[in-house]
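Worksheet for the structure shown next.
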Amino acid sequence: MEFKAIRGVEDILPPESLRFEKVVDTFKKTVELYGFKEVILPIFEEAKLFSRSVGEATDIVQKEMYIFEDKGGRVIALRPEGTASAVRAYVEHGVFAKEPFTKWFYVGPMFRFERPQAGRKRQFFQAGCEVFGLKNPGADAELIKMASEILKRLNVNAELEINSIGCKKCRPEYRRALIEFLREKVDSLCPTCKERLERNPLRVLDCKEEGCQRVVEGAPKITDYLCEECEEHYKKFKEYLNLLGVEFKENPLLVRGLDYYTKTVFEFKSSELGAQSTVLAGGRYDDLVKEIGGPDTPALGFAMGIDRVLLLLPEEEEKREGVFVITRGDEAYRKGLEVAEFLRSKGIKTQIDHRQGSFKAQMKAADRERAAFAVIIGEEEVQEGFFSLKELETGKQERVESLEELLGRL
RNA sequence: GUGGGAGUAGCUCAGUUGGUGGAGCGCCGGGUUGUGGCCCCGGCGGUCGCGGGUUCAAGUCCCGUCUCCCACCCCA
């Protein structure tokens with residue numbers, strides 16, 4: 001085969017595409033219930049936007065971005081995530097000046113140059129939400145409640161883990177304490193963690209290496225180092241989660257891979273997914289809007305991995321719907337074309353068999369297309385001026401005299 | 001980027017010590033000159049991922065390469 005989709009990029013054909021749409025539709029309907037409105041954001045941005053927001057030191061920026069120079073000499077990156085663009089748009093259009101708080105959602109492809117695996121493609125799809133202008137812990141709790149509602153409606157079982165990673169006031173102190181602790185045990189750490197120690201010590205906390213995990217068990221906990229404001233926020237946040245009936249597990253080792261997070265972080269994980277188990281995750285990022293050039297504005301959000309949700313969705317049988325028109329002979333075919341258009345004009349999904357094969361072949365097609373009814377027009381029907389209407393589920397067939405009567409029977 | 005497994009019909013997979021490639025499902029047709037699903041019969045369908053090598057002879061052995069899967073890593 002000469003042409004193939006490139007590595008890590010895949011086509012989504014029917015019926016999979018129908019399930020994809022169902023996931024997006026469920027997401028949209030749920031978040032709209034909470035007052036979120038859609039933003040449609042560009043797929044590429046100035047590369048600098050991502051190094052600034054996601055973090056210069058992160059793997060996403062260091063080795064996973066698709067970067068190229070356009071013909072105008074601009075350094076462009078395909079977006080590896082959605083939050084950076086949302087924040088940029090929020091600042092660029094002065095949205096903060098128009099409304100006290102903002103709730104946005106977006107859906108679309110993201111790009112990361114990684115080794116492909118199930119649940120990890122180079123082009124993958126996220127549906128995400130962002131909230132700007134709310135510092136209240138109730139907003140955190142409601143956002144997570146909404147996220148759990150989306151998953152529930154999709155019948156996805158996932159466990160929620162939460163943590164607080166503090167703010168720019170208290171995190172540096174914890175960071176110092178952690179580095180100090182880890183330096184003493186440096187010999188027991190894996191090679192990657194030895195490197196992480198100085199540059200990004202929090203990442204050592206969720207290393208899977210057994211030796212590192214044993215070290216981490218005795219390490220200082222971020223939650224013991226939170227400043228008064230962060231501690232109060234975390235406490236209230238948990239209270240509201242309980243109030244809203246959201247089950248969660250506190251995980252003091254939960255840190256996120258992107259630099260912009262502050263205070264609340266959370267992750268929904270599924271045990272049915274193997275290594276790529278995170279289905280939906282996010283957190284608060286109170287400093288990012290200012291970092292991108294806007295006013296000091298608290299914010300929070302999450303993204304859901306649509307491809308991963310799709311892996312968890314059961315395949316279901318397609319429901320019978322609509323009409324399939326079967327004809328025999330030229331005059332009947334002409335009549336059939338008219339009937340099909342008539343039914344469509346009344347909002348009824350209708351197909352007609354253009355192949356002019358045997359009744360048997362056409363009936364088979366009607367069944368395969370999962371039509372609810374077959375309208376049969378043959379010689380007899382043309383001569384006497386009626387239609388035969390067959391209900392495919394039951395096999396019952398009846399004589400229908402007019403288009404109006406046909407419509408009434410469907 | 002590292003380590004491991006796998007690529008044979010549209011799909012799921014057999015294929016022995018190297019000797020002219022099979023099944024089930026699906027698709028098309030017939031059994032029913034006007035009727036789907038169940039059953040029976042027949043048919044279409046293959047560059048054995050790709051390239052090279054060994055051999056009289058390669059799906060099978062060797063080398064390279066691409067893709068998928070698993071783990072590391074990363075993350076939604």
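Reminder, nothing fancy here: chain letters follow the sequence lines and each chain counts from 1. These values consider heavy atoms only, across backbone and side chains, with no hydrogens, waters or symmetry-generated copies.
- Among the protein residues, R308(A) comes within range of the nucleic acid bases, having at least one heavy atom under 4.0 Å from a base atom.
- A residue-by-residue look at S388(A) and G305(A) shows that S388(A) has its nearest nucleotide of RNA chain B further toward the 5' end.
- Among the atoms of the strands shown, base atoms are found under 4.0 Å from some heavy atom of F124(A).
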Are F36(A) and F105(A) close enough, and set up right, to give a ring-ring contact (aromatic ring centres under 6.0 Å, His included), and what steps lead you there?
CA-CA 6 Å; F36(A) 284 74; F105(A) 75 86; 7.6 Å; no
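- Checked by distance alone, R120(A) brings a side-chain donor or acceptor within 3.5 Å of a matching partner on the base of C74(B).
- Judged by a 6.0 Å distance limit and a 45° cone about the ring axis, R122(A) is not positioned over the six-membered ring of F111(A).
- A heavy atom closer than 4.0 Å to some atom of RNA chain B occurs in T278(A), V279(A), L280(A), A281(A), these being the qualifying members of residues 277-286 of chain A.
- Partners of K249(A) under the side-chain contact (heavy atoms from CB on, under 4.5 Å) rule, at least two apart in sequence or in another chain, are E159(A), E161(A).
- With a cut-off of 3.5 Å on both pairing distances, the Watson-Crick and G-U wobble pairs of RNA chain B assemble into stems of 3 or more at B:1-7 with B:66-72, B:10-13 with B:22-25, B:27-31 with B:39-43, B:49-53 with B:61-65.
- Listed by first and then second residue, the salt bridge (Lys or Arg N to Asp or Glu O under 4.0 Å) pairs that reach into residues 176-188 of chain A are R183(A)-E198(A), sequence neighbours excluded.
- For F359(A), counting side-chain heavy atoms from C-beta on, the closest listed nucleotide (U35(B), G1(B), C69(B)) is U35(B).
- Here, C13(B) and C48(B) have their C1' atoms 13 Å apart, quoted to the whole Å.
- Ion pairing between a basic and an acidic side chain is recognised when a charged N comes within 4.0 Å of a carboxylate O; E250(A) and K238(A) show such pairing.
- Pairs of residues two or more places apart, or lying in two chains, that qualify as side-chain hydrogen bond (donor to acceptor under 3.5 Å, both in side chains) and include a residue from residues 333-342 of chain A are D330(A)-R334(A), Y333(A)-H354(A), E341(A)-R344(A).
- U55(B) sits 38 Å from C69(B) when the P atoms are compared, rounded to a whole Å.
- Residues from residues 259-276 of chain A that place a heavy atom under 4.0 Å from any atom of RNA chain B, listed by number: G274(A), A275(A), Q276(A).
- If you check C69(B), C73(B), A76(B) against the side chain of C207(A), the one that comes closest is C73(B).
- The A303(A) side chain lies nearest to A76(B) when the options are G36(B), A76(B), C69(B).
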